[in-house]
Amino acid sequence: MKEKYDFHEIELKRQKYWAERGLNRTETDTSQEKFYCLEMFPYPSGKIHMGHVRNYAIGDVIARYKKMRGLNVLHPMGWDAFGLPAENAAIKHGVHPAQWTHENIDFMRKQLDRMGLSYAWDREVTTCNPEYYRWNQWFFLKLLERGLAYRKSSFVNWCPSCATVLANEQVPDGKCWRCDSVVIQKELEQWFFKITHYAEELLQDCDKLAGWPERVVLMQKHWIGKSEGVEVDFPIEGLDEKLRIFTTRPDTLFGVTFMCIAPGHTMAERLVEDKGKLDIIKEKYGKVEEKAGLFTGHYAINPLTNRKIPIYAANFVLMEYGTGAIMSVPAHDQRDFDFAKEYNLPIKVVIVPEKSAEEQKGESTEEKDFRTSEPPRAFEDEGTLINSGRFSGLRSSEAKQEIGKYVEEKGLGKRTVNYKLRDWGISRQRYWGTPIPIIYCERCGVVPVPEKDLPVILPVDVKFTGKGGSPLLESDAFLNVKCPKCSGKARRETDTMDTFVDSSWYFVRYCSKKDENPMDKGNIDYWMPVDQYIGGIEHAVLHLLYSRFFTRVLKDLGVLEYGEPFKNLLTQGMVTKETLKCPEHGWLFPEEARNEKCTLCGRPVELGRVEKMSKSKRNVIDPDVLINKYGADTMRLFSLFAAPPERDLEWSDKGVEGAYRFLNRVWGIIYKNSDKLRVARSELKDDNFGDSSLVTRHSLLLLRKTHQTIRKVTDDIEKDYHLNTAIAALMELVNDISSFNPEAEEDWPALHFAIKNTLMMLAPFAPHIAEELWGAIGEKDSIFEHPWPAWNETLAKEEELELVVQVNGKLRARIVVPAGLSDGEAQQRSLDDAKVKEIINGKQIRKVVVVKGRLVNIVTSNQ
RNA sequence: GCCGGUGUGGUGGAAUGGCAGACGCGACGGACUCAAAAUCCGUUGUCCGCAAGGGCGUGAGAGUUCAAAUCUCUCCACCGGCACCA
């Protein structure tokens, strides 16, 4: 054993050792209890960053811990390999996206291996490989068969100068990221997945997500955005047509004084004569700052009151939600109220706050014109109905039901449910993605590629100009195809799929090995669902919702038994760091500032806020640099210790050194005692410590601390993965071990026991050093083949306790008492304490509260 | 605007009704050294006090309780999500 902790040497040695022993391979084995531990796979952008390090360090601790607990653990890794950056690299540097991607993957896989992560690489998934994406295409065909995939016209961002489609993130401030031209909306036929088919189920089953952070579940619920209401038809005066609206407030139907329709509504085109004016409203569509409306020149009839009300086209009415038309109740909706004031429209109060209903009775039921008695603002709460015919006097909640019923009985409309969730547009006018398996035949129309012809392979020999749309449009070999139905002339769909499709089922792919059928039911039944999923909060909605959607489809296809993909979810916080800013040179790298001055110009450096690590802010730490300087174990340990997993982690160079120091201390203790520890090993069995007569007093204390630490570390990991406090407990134990001096011969077994258990508990966090020191104390097999230590409750128990004595809630004394003292005895001893006596001094004792093993609180009268 | 989260020493954080500040960082003092680094030992919330001891203290204010960082209410600050959703 070397004196110095040489992490370079031992980390490489141990990584090789694990690989040779096949420690990370996983087999389906129904006789064993399984644990599926998954971290969100990365986009192969080129290098691992600190966010990845944290994510994968957390996952690796869990995987290794569960393995030591005797579970059959699946811990796989792969690559979310399709996406825009690869295509950008192709345009910019002339390197093919496939080459760029695969080179990045090879580099990043090595980086992950250097971290000592226990991945089952024999199950690695790479989404840009045809063997993977053929199943995306299979999904597409299955969805199409079930009517859950369809085509419709939709808008995309279009740069007229580059003649290309842009993703939202490529349109900063409404301009093209490459040429700064103003981006316009262009209408294209695109494919959609009907996720709304599952809207209700996705919402209902949110309640099954007990292992998810509440806020993520809440975000999903909000995103689905269910609201119940009524659709009502308003006849248009003088025309044999009706305008259908949706409202969640049927209780305000008697207060409707005008109507608004979206400027893109078909009715708007027909009703408005002056198309120029309508175009102005259309231009303002979606502008939140301004409310603009245009009287259509037509009136509708409120079917409940038979009143005539004007119809407006208004920029704030959304075409995509509800029916694209609304009834306006200015008295009870602030937006309508503002609009009514702007356009001089009447305001009719039909709801009053519940308590004043009595007072309001008998008051004028006349319509209130805002010019004579203007309510200061809309009353949006629920209340009691007035001015509402036979419904007056009802409470809002009752009226909603009653009016809903009435509307249905009279055939005026129906009760409905609306969701904010929209169908998922999956078409991307991009090259580097999964080809959509569709053929357009001149004779047969839209024809799906037959399943036997999958995969539709993405052609490699294409040109990347960045102009004129997808390179697939230029590939004749790809584009021209015979119709599978009539063998006539046809062309392929050139759009590719959104990369979220790739990540919506990759966790299912891992369940089977590379050469096995990905839809193998035996494997999937055994491994699914994922027991612990770990990743960033930024995927709280889309990725997680799409994955839930896909697992439901798989369930309906009979592949999966259970519809929820992820049983437990841990969303780890961001990795942040202080930023530095020079008034002249902007963001600075840490090395560009010395003594709080900019090294470029000498000006004082502004200490910026602590922000998420990003290249642009120059506050990044390169994991490679850290590994070279301190080793993977130190990097892992610090990123787990500095904050609980779900909170943000502020990077601290000094903190990293603290973690490094800790590992060096552990090394040093074992180095110092290594000869003796090997001998001590043979002299005892681990559980021989029940007989305390064998050990000296200070050995006993060390043993107790060891058992307490096993309990604490195990509890902390089990209880929501409080890895930071688990590490703190290990540090405490190491502090005790380090100050323990074996005096008698019989002290050595105790020291050995403490060290052995420390190493086992350290193993999931800092696997290389733990494995190496495991060998150094004479153990033969891998530490990861050894079960997680168990504690002995009797030995962990203190025999004496310090009781806190309070008088009137204030700490006044501490007394040492034997454990298990009765409440009465504890009370008596507290009262007997000299200090306490002095304070009480004749005051009357009103009450004594005894909390077993913790404290005694004596409550006295005032005097 | 609506919803959610966070707020504790010089600092990252611990304690989720019962000793506020575990553990780490930093700082200070000491040992080792010709010296420094590394390492080791000790001290470290704050105020008053020579000390013994005492007062104060978890964003602010109120409340519940024998007892509140923790529960309830009001407010403030910061962060995140959604946002014309009828």
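Order of the sequence lines fixes the chain letters, A, B, ..., with proteins taken first and strands second; residue numbering starts at 1 for each chain.
- The 5' end of RNA chain B is approached more closely, in terms of each residue's nearest nucleotide, by A:Lys712 than by the other of A:Lys712 and A:Asn808.
- Of all nucleotides present, none satisfies the Watson-Crick or G-U wobble test against B:A22 with each distance under 3.5 Å.
- Computed from coordinates, the A:Leu649 CG to B:G24 P distance equals 17 Å when rounded to whole Å.
- Using a 4.0 Å cut-off between a side-chain N of Lys or Arg and a carboxylate O of Asp or Glu, A:Asp833 and A:Arg829 do not qualify as a salt bridge.
- Donor-acceptor pairing under 3.5 Å is recorded for the side chains of A:Thr196 and A:Asp423.
- Separating the P atom of B:A22 from that of B:C75 is a span of 35 Å, rounded to the nearest Å.
- Within 4.0 Å (heavy atoms only), A:Val317 reaches at least one base atom of the nucleic acid.
- Using a 4.0 Å cut-off, no side-chain N or O of A:Lys4 falls inside it from OP1 or OP2 of B:U39.
- Backbone-only engagement by A:Thr248 is indicated by non-hydrogen atom pairs under 4.0 Å involving sugar-phosphate atoms exclusively.
- The closest side-chain donor-acceptor pair between A:Tyr5 and A:Thr634, if any, does not fall under 3.5 angstrom.
- Side-chain proximity of A:Glu732 to B:C23, B:G18, B:G53: nearest is B:C23.
- A:Asn857 comes within 4.0 angstrom of a base, heavy atoms only.
- In this structure, the separation between CD1 on A:Ile195 and CG on A:Leu421 is 5.0 Å, given to the nearest 0.5 Å.
- A:Lys226 comes within 4.0 angstrom of nothing in the nucleic acid, heavy atoms only.
- Residue contacts for A:Leu218: at a heavy-atom cut-off of 4.0 Å it reaches the sugar-phosphate backbone alone, with no base atom in range.
- Judged by distance alone, the side chains of A:Tyr721 and A:Glu646 never bring a donor and an acceptor atom under 3.5 Å apart.
- Looking at the side chain of A:Arg665, the nearest of the listed nucleotides B:G18, B:G26, B:C40 is B:C40.
- Going from the C1' atom of B:U58 to that of B:A68 covers 11 Å, rounded to whole Å.
- The side chain of A:Met731 approaches B:C23 more closely than any other nucleotide in the set B:C23, B:C19, B:A14.
- Between B:G24 and A:Ser652, no contact under 4.0 Å exists linking OP1 or OP2 to a side-chain N or O.
- Ionic pairing of A:Asp648 and A:Arg54 is not present here: no N-O contact between side-chain nitrogen and carboxylate oxygen is shorter than 4.0 angstrom.
- One atom, CG of A:Asp648, and another, P of B:G80, lie 10 Å apart when rounded to the nearest Å.
- OP1 or OP2 of B:G24 sits under 4.0 Å from a side-chain N or O of A:Asn735.
- Searching all strands for a Watson-Crick or G-U wobble partner of B:U43 with both distances below 3.5 Å returns B:A27.
- Remark: the A:Asn808 side chain and the A:Thr860 side chain contain an N/O donor-acceptor pair separated by less than 3.5 Å.
- Nucleotides B:G57 and B:G7 place their C1' atoms 16 Å apart, quoted to the nearest Å.
- Atom P of nucleotide B:C23 and atom CD of A:Gln708 are separated by 14 Å, given to the nearest angstrom.
- Using C1' as the reference atom, B:U70 and B:G54 are 27 Å apart when rounded to the nearest Å.
- Comparing the C1' positions of B:C78 and B:U8 gives a spacing of 16 Å, expressed to the nearest Å.
- You'll find that the side chain of A:Arg661 is closest to B:C25, out of B:C25, B:C66, B:G18.
- Using bins of under 30°, 30° to 60° and over 60° for the plane-to-plane angle, the ring pair A:Tyr312/A:Phe339 lands in the perpendicular bin.
- At least one side-chain nitrogen or oxygen of A:Lys835 sits closer than 4.0 Å to the OP1 or OP2 atom of B:G54.
- Nucleotide B:G17: unpaired (no Watson-Crick or G-U wobble partner with both distances less than 3.5 Å).
- Looking at A:Glu228 and A:Arg415, no side-chain N of the basic residue comes within less than 4.0 Å of a carboxylate O on the acidic one, giving no salt bridge.
- Of all nucleotides listed (B:A86, B:U39, B:G13), B:A86 comes nearest to the side chain of A:Tyr321.
- A:Gly225 comes within contact range of no nucleotide atom at all, as no heavy-atom separation falls under 4.0 Å.
- When heavy atoms are screened at a 4.0 angstrom cut-off, A:Lys420 is found touching base atoms of the nucleic acid.
- Base pairing annotation: B:G7 forms a Watson-Crick or G-U wobble pair with B:C76, both donor-acceptor distances under 3.5 Å.
- When each of B:A86, B:C66, B:U6 is scored by its nearest atom to the side-chain atoms of A:Arg647, the top-ranked nucleotide is B:U6.
- When both pairing distances are held under 3.5 Å, B:C71 makes a Watson-Crick or G-U pair with B:G63.
- The separation between A:Ile727 atom CD1 and B:A14 atom P is 12 Å, rounded to whole Å.
- Here A:Asn724 lies in heavy-atom contact (under 4.0 Å) with sugar-phosphate atoms only.
- Atoms CG (A:Asp716) and C1' (B:A22) sit 11 Å apart, rounded to a whole Å.
- As judged by a 4.0 angstrom heavy-atom cut-off over every strand, A:Lys284 is placed among residues making no nucleic acid contact.
- Taking atom C1' in both B:G80 and B:A86, one finds a spacing of 27 Å when rounded to whole Å.
- Taking the six-membered ring where the residue is Trp, A:His539 and A:His543 present perpendicular rings, their angle passing 60° and hence far from 30°.
- Annotated as syn: B:G9, whose glycosidic dihedral is within 90° of 0.
- Using a 4.0 Å heavy-atom cutoff across all strands shown, A:Arg812 reaches sugar-phosphate atoms only and no base atom.
- Taking atom P in both B:A62 and B:G53, one finds a spacing of 32 Å when rounded to whole Å.
- Set against B:G12, B:C82, B:G18, the side chain of A:Glu650 has B:G12 as its closest nucleotide.
- When heavy atoms are screened at a 4.0 angstrom cut-off, A:Val859 is found touching the sugar-phosphate backbone but no base atom.
- Summarising the geometry, the separation between CZ on A:Phe641 and C1' on B:C25 is reported as 9 Å, rounded to the nearest angstrom.
- In this structure, of B:A86, B:A15, B:C3, it is B:A15 that holds the atom nearest to the side chain of A:Thr725.
- With a 3.5 Å ceiling on both atom-pair distances, B:C50 lacks any Watson-Crick or G-U wobble partner.
- Within 4.0 Å (heavy atoms only), A:Ser328 reaches no atom of the nucleic acid at all.
- In this structure, the NE2 atom of A:His722 is 19 Å from the P atom of B:A22, given to the nearest Å.
- Atom pair A:Ile815:CD1 and B:G18:P shows a separation of 20 Å (rounding to whole Å applied).
- Both A:Gly658 and A:Val541 lie near RNA chain B, and the one whose nearest nucleotide falls closer to the 5' end is A:Gly658.
- B:C82 is paired with B:G1 under the criterion used here, namely a Watson-Crick or G-U wobble arrangement in which both key atom distances are under 3.5 Å.
- Across the P atoms, B:G26 and B:A38 are found 9 Å apart, a figure rounded to whole Å.
- Closest contact between the side chain of A:Glu802 and the listed nucleotides B:G12, B:C19, B:A14 involves B:C19.
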